[in-house]
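Reviewing the structure listed below.
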Amino acid sequence: MNTRELAKETLRLEAEAVSNLQNFVNQEFEDCVNTILAMRGRLVVTGIGKSAIIAQKIVATMNSTGTPSVFMHAADAIHGDLGIIQPDDVVLCISKSGNTPEISVLIPFLKMNGNKLIALVGNVDSFLAKESDYVLNCTVKQEACPNNLAPTCSSTAQLAMGDALASCLIALRGFTSKDFAKYHPGGILGKRLYVKVEDLYKFNEKPQVAPTDSIQKVILEISGKCLGVTAVVEEGRVVGAITDGDLRRMLQKNSDFAGLSAADVMTRTPKTIAPQTLAVEALDVMRKKQITNIFVVDNDTYLGVIHIHDIIKEGIF
């Protein structure tokens, strides 16, 4: 078997392992979800080896989607870290075999402590499965490893089952995109969900001229405010827009512009946007209209200008 064939076979086996998990989504799976949803403490996720790495990913997903969780390495647990587990916590124990020594030592403490125990396990006849309150079956037919040894299909199945749990909890909690943004304030995903136009336009100059102002004043305003545009404002309301492109086109048409005013050059229906609008929505408008600036208006009152670069600088694309 050549390299490409081996890679494709690995992906086929892992996809098959994940697909087969659908057969194990049963009443017990639903009971696990409801137990986690109703818990008063945290979800403590533990494992050893590759299962411990999967456990950390599941914890990260749970924490970012509204289910308070903490990772506890099974080996460290039996050497002092058991203090992490509190009486109201639910413990999710991940293991392919379900018979590792560290897990076997851990289970009696959990029983004594009264914690609900969920086994995410690849062997439903194991010690872990038999001693748990709930069992999430992650049995796989074989590993994708050519020697059928290295955790590949089994670890992928564990990861997928953890995602299935998280997805159900997200839906049942009514966890929204706004909730998601609260947990991701520094990331691009979060910024797309919470950065508003009002957070950005205030850092820009506020170019404006009156309809009767001369073209010379218009040029000075656009050049001085460095945004490539000025609003034409009358009694606090935006009645037009003039861009540096408008000025170039004017020069092409008029050799003498001394008698022209802002009203003669302006676009009379400029695009405006409310300050509470999400920045990502403003970016979408700019792309559709093929413009680089939008005037920010609140109840017909001109507040300022937001430039497409203001949004891109925030990492919002």
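Note that this is a predicted model, so its numbers are computed, not measured.
The hydrophobic cluster containing V25 also contains L136, counting ILVMFWY residues as joined when their side-chain heavy atoms lie under 4.5 angstrom apart, directly or transitively.
Under the rule for a ring pair (Phe, Tyr, Trp, His ring centres under 6.0 Å), the partners of F175 that lie at least two apart in sequence or sit in another chain are Y183. Residues meeting the side chain to side chain contact (heavy atoms under 4.5 Å, CB included) test with S97, sequence neighbours left out: S95, N99, T100. By the side chain to side chain contact (heavy atoms under 4.5 Å, CB included) test, K289 is found to be paired with V285, I291, residues two or more places apart in sequence or in another chain being considered.
When only modelled atom types and interatomic distance are considered, T230 and Q208 share no side-chain donor-acceptor pair under 3.5 Å. In summary, the side chains of R173 and T65 do not present any donor paired with an acceptor at a separation below 3.5 Å, with no hydrogens or angles considered. Counted by atom type alone, K130 and S126 present zero donor-acceptor pairs between their side chains at under 3.5 Å. Remark: the E30 side chain and the N26 side chain contain no N/O donor-acceptor pair separated by less than 3.5 Å. A side-chain donor from one of T176 and D179 sits under 3.5 Å from a side-chain acceptor of the other.
Across all non-hydrogen atoms, the minimal contact from P207 to V229 is CG-O, 3.3 Å.
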**Request:** Using the side chain to side chain donor-acceptor pair (under 3.5 Å) rule, take T301 and D298 through it: C-alpha gap first, then chi angles, then the decisive distance, then the call.
**Result:** CA-CA 5 Å; T301 300; D298 189 21; over 6 Å; no
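Looking at E5 and K8, no side-chain N of the basic residue comes within less than 4.0 Å of a carboxylate O on the acidic one, giving no salt bridge. Ion pair D199/K196 not flagged as a salt bridge, since none of the NZ, NE, NH1 or NH2 atoms sits closer than 4.0 Å to an Asp/Glu carboxylate oxygen. Contact check on K225 versus E221 returns a salt bridge, with a Lys/Arg side-chain nitrogen under 4.0 Å from an Asp/Glu carboxylate oxygen. Taking the charged nitrogens against the carboxylate oxygens, K202 and D310 have no contact shorter than 4.0 Å, which rules out a salt bridge. Salt-bridge formation is detected for the pair E143/K96: a Lys NZ or Arg NE/NH1/NH2 atom is positioned less than 4.0 Å from an Asp or Glu carboxylate oxygen.
Residue D163 holds its CG atom at 11.0 Å from CG of L21, rounded to the nearest 0.5 Å. Note that the CG atom of L92 and the OG1 atom of T35 stand 11.5 Å from one another [nearest 0.5 Å].
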